[in-house]
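Each remark here refers to the structure printed beneath this line.
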Amino acid sequence: MTRASPILEVEALVAGYERGAPIVNGVSIAACAGEIVVVLGPNGAGKSTLVKAIAGLVPVVSGRIRLAGEDITARPAHAMVRSGLAFVPQTENVFTTLSVADNLKLAAQTLASTERASRIAEVHALFPDLVKQRGLPAGRLSGGQRQMLAVARALIVAPKVLMLDEPSAGLSPKVVEDLFHKLREIRDSGVGVVLVEQNVRAALAIADRVYVLVEGRNRLEGARADLASDPAIAALYLGGACAVAAAG
Amino acid sequence: MTLQFLADGLIAGSTIALGAAGVTLTYSILRFANFAHGEFISWGCYLTLLISGPIGAWSASSIDAIGPLSVGWNVVLAAVLAMGLTGLLAVALDAILFKPLRDRGATITAVMASFGASMALRALLEVLFSSRPAYFSRDLQIAIRVTPGVRVTPDQIALMGITAVLVAALHLLLSRTGIGRALRAVGENPALARVAGIDVARVIRLTWLLGGALACASGVMMGMIVQIRPTMGAELVLPLFAAAILGGVGSVPGALIGGLIVGIAEAATVQLVGSQWRAAVAFLVLIGVLLIRPTGILGRAE
């Protein structure tokens, strides 16, 4: 795959819930269209906070976020979606009291009324199971089905970039495999995918490029092939900040 | 024994239902019990009274009573305008008082602040309009005999019809439209709603606008049936909460059913037991229903 200029560029981002105590402390990442970028790191490295801050859910103290060349730093979360940056939170990522169909229709409300039906049909084509479940309250879905619905909901707006916060958490290996297969399809359709993961092995298997964060800062980055043999990555399999720090 | 209490109860219950619909909306979307909601009822009624004067002066014929009703088109038009203004009053109160507290995560403080806002808004009405009762019309209406022993006035019949229309419209708005879907989404999970592209601040403003407008309608009803006093809404606030909880918090049809049950129970108590028990009965019914069904009649478990 030829590398284009990045569709998402995050420069020196500082973000956190409380002033003076940033959790993300100057992180820079980039993602191109049609590429899966995986963000790894031990617990507390600021991976989740990074994607939440990019999505507009955590206050940004400083730094810059550009999407397709346009500066979108500190836009409110609902405006980020409209700009083409979709986010799938780790937990509570579907509306359990709404039907599967209403979850998708809700996301489609941000689109022009003429596009809504066709976008829902396109997402149904990618996730055919959702058609059968459309009348069901999303709270009745299994964990794997919910995750599929959450991704489907994020795709409704035809985003340029799709960010996911640990989508494999709590899922069986088989379901993770299905989900990651979908992420590959989404990447191949030209979307830039940013994936935060604890599941290092599964994530490395689909990554095009990898970032490793430690204590809210960039630690390592590179193409998957270059990093696969890196001792810091090996240490991440064992987990823990100390192991990574020692390896670095 | 006559069945007059049923008619009286349905009418009082309609007033309560319109207020309870607003309470249930703001509670389900903001997880916040607004005790100043009664003041929206009083303010809505006084604003209607205030606006109906100039409309009547501008078009003298608008004062003429509509058919068998006690009021003219000037009051109807004033009520529609006042519904909008009361909605804006609710939006303003949220922007000035509740939103800053909510942003700091101080929900309990916001509930306490709503008590304060309630007293301030009520006192302001007493300063502006005095605490003497006022009336939309001083004409006496002749009650129509519906069945032996049951009499209602034309005003009461019209107001019950308006309540049914308003509650049905609100229910359709919430269950059939994109606005309703957004309201339900924000009620369940505001953070996810933002991620899904919903402008949550706008949805919250809409919630207050709807709640305020319905409170105004409730106030006008009460003003026409009983009288207009600065304390009229404050006296209704506990039955409102009883009705909203009884029907199931978050459910608009529930608020209607809860309102009618509370209204009928109160009227039955006045007729059969004694008026000193009136205030207590809403809560006895509430306790009874919650023991059997903790989520309320139409409420859903969270």
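Letters go in sequence order (proteins before strands), and every chain restarts at 1. What you are looking at is a predicted structure, and each value in this text was computed from that prediction instead of being measured.
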* To do: Answer yes or no: does atom CZ of B:Arg293 have more than 12 heavy-atom neighbours from other residues, nucleotides or ligands under 6.0 Å?
  => yes
* Would one find more than 12 heavy atoms of other residues, nucleotides or ligands at under 6.0 Å from atom CG of B:Leu291? -> yes
* Counting only heavy atoms not in B:Lys99, do more than 12 sit closer than 6.0 Å to its NZ atom? -> no
* Asked: Does any heavy atom of chain A fall under 4.5 Å from the side chain of B:Ala193, the backbone, both, or neither of them?
  -> both
* Asked: Where does A:Gln109 contact chain B at under 4.5 Å (heavy atoms): side chain, backbone, both or neither?
  -> side chain
* To do: Step through the shown structure and confirm whether more than 12 heavy atoms of other residues, nucleotides or ligands are within 6.0 Å of CZ on A:Phe180.
  => yes
* Within-4.5 Å side-chain heavy-atom neighbours: A:Thr97 and B:Arg184 -> no
* Give the minimum heavy-atom separation between A:Gly56 and B:Arg194, together with the two atoms involved. => O-NH2, 3.4 Å
* Member of B:Ile198, B:Val195, B:Asp199 meeting the side-chain contact (heavy atoms from CB on, under 4.5 Å) criterion with A:His78 -> B:Asp199
* Answer yes or no: are there more than 12 heavy-atom neighbours, outside A:Arg134 itself, under 6.0 Å from its atom CZ? => no
* Nearest heavy atoms of A:Val81 and B:Gly197, plus distance in Å -> CG2-N, 3.8 Å
* To do: Write down the atom of A:Leu106, the atom of B:Ala185, and the distance for their closest heavy-atom approach.
  => CD2-CB, 3.5 Å
* If you tally heavy-atom pairs under 4.5 Å against chain B, which of A:Thr96, A:Thr110, A:Leu98 wins? -> A:Thr96
* To do: Would you please name every residue forming a side chain to side chain donor-acceptor pair (under 3.5 Å) with A:Arg140, sequence neighbours left out?
  => none
* Asked: Quick one: what part of A:Val157 sits under 4.5 Å from any heavy atom of chain B, side chain, backbone, both or neither?
  -> neither
* Kindly say whether B:Asn189 contributes a backbone atom to a donor-acceptor pair with the side chain of A:Glu92 at under 3.5 angstrom? => no
* Locate the shortest heavy-atom distance separating B:Arg181 from A:Asp102; write the atom from each residue and the value. => NE-OD1, 3.0 Å
